[in-house]
Amino acid sequence: MLQVPFIRENKEMIIEALAKRNLDAAGMINDVLSFDEARRTMQTELDNSLSKSNKLSKEIGELFKAGNHEKGNLLRAESKKLKEFEEGLKVKLNDKANDLQQLLYQIPNIPHPSVPTGNSDEDNEEVFAEGTIPELNEKALPHWELAKKYDIIDFELGTKITGAGFPVYKGKGARLQRALISYFLDKNTEAGYKEYQVPHLINEASGYGTGQLPDKEGQMYTVSEDNPLFLIPTAEVPVTNLFRNDIIKEKDFPICCTAYTPCFRREAGSYGAHVRGLNRLHQFDKVEIVRVEHPDTSYEALDGMVEHIKNILRELKLPYRILRLCGGDLGFTSALTYDFEVFSTAQNRWLEISSVSNFETYQTNRLKLRFKDKNGKSQLAHTLNGSSLALPRVLAGILENYQTEGGIKIPDVLIPYTGFDTIS
RNA sequence: GGAGAAAUGGCAGAGUGGUCGAAUGCGGCAGUCUUGAAAACUGUUGAGGGUCACACCUCCGGGGGUUCGAAUCCCUCUUUCUCCGCCA
């Protein structure tokens, strides 16, 4: 969420920057400013009145103590009148503050200057690519065929238990998935990320904190009898919210966390070849990294995260590319996002396996996540996160790129984790 | 699930209707002393709104109520602890 004082001082710049998202924000921004103006005027009026009542109350106390009941009762009536006036003003003030809040929820984050203009994922900018795409023969299979051939992932079985998009991993498939989770967590821990295990259900406050709420509840599953809880769409939500309402010390930067969780997404209404197999699921596993950073160094931290993920993909020897998302494809809360895509040879297409973002103060403003600067003033911190990595598509990439006539080879770095070197 | 107790500043812990944003201790920060450190001593130390800066306003788990006035009384929700029951 953007900060009102910041909007006040940078109105034109913000409108221009949001145009990169193909959003004409002028109306909303003007409303924010006028709502805020009105809010402050009312607040001042109320505060002055409250100040008067406070003094009056004090005076009444003294009068009664001194035994002057007559004058005391007189002032009591006066105070009562003042209170009624204040009640009315409070209601109006609350309404205005609410309107302002709702409006602020509608305004997305300002794209970083390096974000390219564009309307869709076709306009994303490739900034890096590495790895060799293997030459596969005519008989190469997409991963869902391989999964069936070697009996390691069962998509039909999952529909019996739950429905489409909830696969069952079996035997070496399950073991390979567990190996990947351990391997990713180990790599992240080695790089200084502290491992967490967090709840897989979140409350509304957490959803608001990282920006899933309001408006995007459609992507989450609700678990609810009286007070609503949501299945996490990503570990970003519980992990980032660990620091909600915190004021941290400057010397505690950087805060680096990693967590493995299942992720649940409704992803309503898309079917077809692009969502076959592991390409898009309602439940999948992911290892996430989250950082809380000083504003001065958050972009260095973002670069560091990108390098870290590159290293993992190098070790796995998967061909990949990195895209800088364009304004039209950039997530609501993000200022700058890099997507990592692995080339799926048998499908002849790129699969997104990681998304690394800097949210700057957009989340921390909602989270009230601050730090004390050198002058003792509290300032909003920056938050960042990235997948390292999303399991199903990495799995798909490995199955497809490592297939041979004799079976699927396991990448060398994973063999200590799997205990086998081939799926056959 | 049943019975009871509690929730106050970074932590511990006073405070049962007015002068309480809140004693005291610990911790933190700054200074004195010291070659340096420790100890001791002195000062300072919650958050948000508002202002050029003050003033001023709000916040004692959340929400609502009583009152001229609430950390303090009432209702409600949440959470924690103790005992009993159940249970991986």
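Below, chains carry the letters A, B, ... as their sequence lines are ordered, and counting in each starts from 1. Side chains included, hydrogens not; waters and symmetry mates left out as well; all remaining heavy atoms used. Keep in mind the model is a prediction, meaning the values are calculated, not measured.
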If you measure only the distance, is there a donor-acceptor pair under 3.5 Å linking the side chains of [X] and [Y]?
{"X": "A:Asn279", "Y": "A:Arg276", "result": "no"}
{"X": "A:Gln363", "Y": "A:Thr240", "result": "no"}
{"X": "A:Asn358", "Y": "A:Glu293", "result": "no"}
{"X": "A:Asn203", "Y": "A:Ser206", "result": "yes"}

With both distances kept under 3.5 Å, what pairs with [N], Watson-Crick or G-U wobble?
{"N": "B:rC73", "result": "B:rG65"}
{"N": "B:rC60", "result": "none"}
{"N": "B:rG31", "result": "B:rC41"}
{"N": "B:rC86", "result": "none"}
{"N": "B:rC54", "result": "none"}
{"N": "B:rG4", "result": "B:rC81"}
{"N": "B:rU16", "result": "none"}
{"N": "B:rG25", "result": "B:rC11"}

Would you say the side-chain atoms of A:Ser354 pair up with the backbone N or O of A:Ser387, donor to acceptor, closer than 3.5 Å?
->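 Yes; judged by distance alone, with no hydrogens or angles, the pair exists.
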When the distance from [atom1] of [X] to [atom2] of [N] is rounded to whole Å, what number comes out?
{"X": "A:Asp246", "N": "B:rG46", "atom1": "CG", "atom2": "C1'", "result": "14 Å"}
{"X": "A:Glu62", "N": "B:rU19", "atom1": "CD", "atom2": "P", "result": "10 Å"}
{"X": "A:Asn48", "N": "B:rU51", "atom1": "CG", "atom2": "P", "result": "12 Å"}
{"X": "A:Gln3", "N": "B:rG48", "atom1": "CD", "atom2": "P", "result": "12 Å"}
{"X": "A:Lys83", "N": "B:rU66", "atom1": "NZ", "atom2": "P", "result": "12 Å"}
{"X": "A:Glu45", "N": "B:rG49", "atom1": "CD", "atom2": "P", "result": "21 Å"}
{"X": "A:Lys80", "N": "B:rC68", "atom1": "NZ", "atom2": "C1'", "result": "8 Å"}
{"X": "A:Glu250", "N": "B:rG28", "atom1": "CD", "atom2": "P", "result": "19 Å"}

Name the nucleic acid region contacted by [X], choosing base, sugar-phosphate or nothing; use a 4.0 angstrom heavy-atom cut-off, strictly under.
{"X": "A:Asn54", "value": "sugar-phosphate"}
{"X": "A:Leu50", "value": "sugar-phosphate"}
{"X": "A:Ser51", "value": "sugar-phosphate"}
{"X": "A:Ser79", "value": "sugar-phosphate"}
{"X": "A:Ser378", "value": "sugar-phosphate"}
{"X": "A:Leu82", "value": "nothing"}

Contact under 4.0 Å: A:Arg39 side-chain N or O vs B:rG49 OP1/OP2 =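 Answer no for this pair, as no side-chain N or O of A:Arg39 is under 4.0 Å from OP1 or OP2.
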Hey, does the side chain of A:Arg370 come within less than 4.0 Å of B:rA47's phosphate (OP1/OP2), counting only N and O?
->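 No.
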Picking from B:rG49, B:rA47, B:rC68, which would you name as closest to the side chain of A:Asp47?
->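 Comparing B:rG49, B:rA47, B:rC68 against the side chain of A:Asp47, the answer is B:rG49.
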From the options B:rC57, B:rU51, B:rC68, select the nucleotide whose nearest atom is closest to the side chain of A:Arg76.
->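 Comparing B:rC57, B:rU51, B:rC68 against the side chain of A:Arg76, the answer is B:rC68.
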Within 45° cone of A:Tyr150 ring axis and under 6.0 Å: A:Lys172 NZ or CZ =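 No, A:Lys172 does not sit over the ring of A:Tyr150.
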Closer to the 5' end of RNA chain B via nearest nucleotide, is it A:Ser53 or A:Thr44?
->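 The residue whose closest nucleotide sits nearer the 5' end is A:Thr44.
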Residue closer to the 5' end of RNA chain B, A:Leu56 versus A:Glu87 (nearest nucleotide) =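 Final value for this comparison: A:Glu87.
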Taking atom [atom1] in both [N] and [M], compute the distance separating them and give it to the nearest angstrom.
{"N": "B:rU72", "M": "B:rG64", "atom1": "P", "answer": "14 Å"}
{"N": "B:rC60", "M": "B:rG65", "atom1": "P", "answer": "15 Å"}
{"N": "B:rG31", "M": "B:rG17", "atom1": "C1'", "answer": "42 Å"}
{"N": "B:rG28", "M": "B:rU58", "atom1": "P", "answer": "34 Å"}
{"N": "B:rA3", "M": "B:rU8", "atom1": "P", "answer": "25 Å"}
{"N": "B:rG48", "M": "B:rG21", "atom1": "C1'", "answer": "13 Å"}
{"N": "B:rG63", "M": "B:rU78", "atom1": "P", "answer": "15 Å"}
{"N": "B:rG1", "M": "B:rC59", "atom1": "C1'", "answer": "37 Å"}

Kindly indicate whether the side chain of A:Lys65 and the base of B:rU19 share any N or O donor-acceptor pair separated by less than 3.5 Å?
->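 Per atom types, the contact qualifies.
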Please find out if less than 6.0 Å separates the ring center of A:His282 from that of A:Phe264.
->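 Ring-ring flag for A:His282/A:Phe264: false, centres at least 6.0 Å apart.
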Sequence-distant partners of A:Pro238, side chain to side chain contact (heavy atoms under 4.5 Å, CB included), two or more places apart |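 For A:Pro238, the residues satisfying side chain to side chain contact (heavy atoms under 4.5 Å, CB included) (neighbours in sequence not counted) are A:Val198, A:Ile202, A:Ile232.
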